[in-house]
Student: 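For reference, the structure I am asking about is given below.
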Amino acid sequence: MTSKKLDHPVTPEAGAPGAESLIGEFKSLMADAEALLHATEGQHEGTIGAIRSKALETLAGAKETLSNVEGRFAEKAKAAAEGADDFVHRKPWEAVGVAAGLGLLIGLLIGRR
């Protein structure tokens with residue numbers, strides 16, 4: 001068996017199965033935090049006002065970070081898809097063999113249940 005070198009690096013965060021759900025949950029958390037901040041809109045003085053302004057700053061930073069992470073995630077997914085497309089075009093019979101093998105393996109696993 002020969003060792004094959006990948007054309008593009010594979011990173012764990014690009015293929016993380018829960019990455020999209022984590023981003024979705026984080027967006028939901030940010031929406032809840034925004035709703036809480038809007039509920040306290042009239043209170044600009046004292047401790048609540050200070051906490052509110054700090055939360056607004058933190059939320060703005062979190063939105064920017066999330067936007068950057070989403071952009072990187074989309075770029076990595078696109079690169080992986082392009083790599084798979086390139087592989088299928090360069091070696092179509094190997095791709096068919098891999099797909100058939102995976103289909104057989106999945107069929108065997110499902111058949112045992």
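In what follows, every heavy atom counts, from backbone to side chain, and hydrogens, waters and symmetry copies are set aside. For clarity, every value in this text was computed on a predicted model and none was experimentally measured.
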Student: Side-chain heavy atoms nearer than 4.5 Å, only ILVMFWY residues, links allowed to pass through others: does that put Val98 and Val88 together?
Tutor: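 No, it is not one cluster - the side chains of Val98 and Val88 are not joined through contacts under 4.5 Å.
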Student: How many angstroms lie between CD in Glu70 and NZ in Lys27, if you round to the nearest 0.5 Å?
Tutor: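 Rounded to the nearest 0.5 Å, the CD-NZ separation comes to 3.5 Å.
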Student: Could you tell me if the side chain of Met30 sits less than 4.5 Å from the side chain of Glu25, heavy atoms only?
Tutor: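 No, their side chains stay 4.5 Å or more apart.
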Student: Taking only distance into account, with no hydrogens and no angle test, what donor-acceptor pairs under 3.5 Å do side-chain atoms of residues 54-69 form with protein atoms, sequence neighbours excluded?
Tutor:
from  : atom 1 : to    : atom 2 : distance (Å)
Thr58 : OG1    : Lys54 : O      : 3.0
Lys63 : NZ     : Glu34 : OE2    : 2.2
Thr65 : OG1    : Gly61 : O      : 3.0
Asn68 : ND2    : Glu64 : O      : 3.4

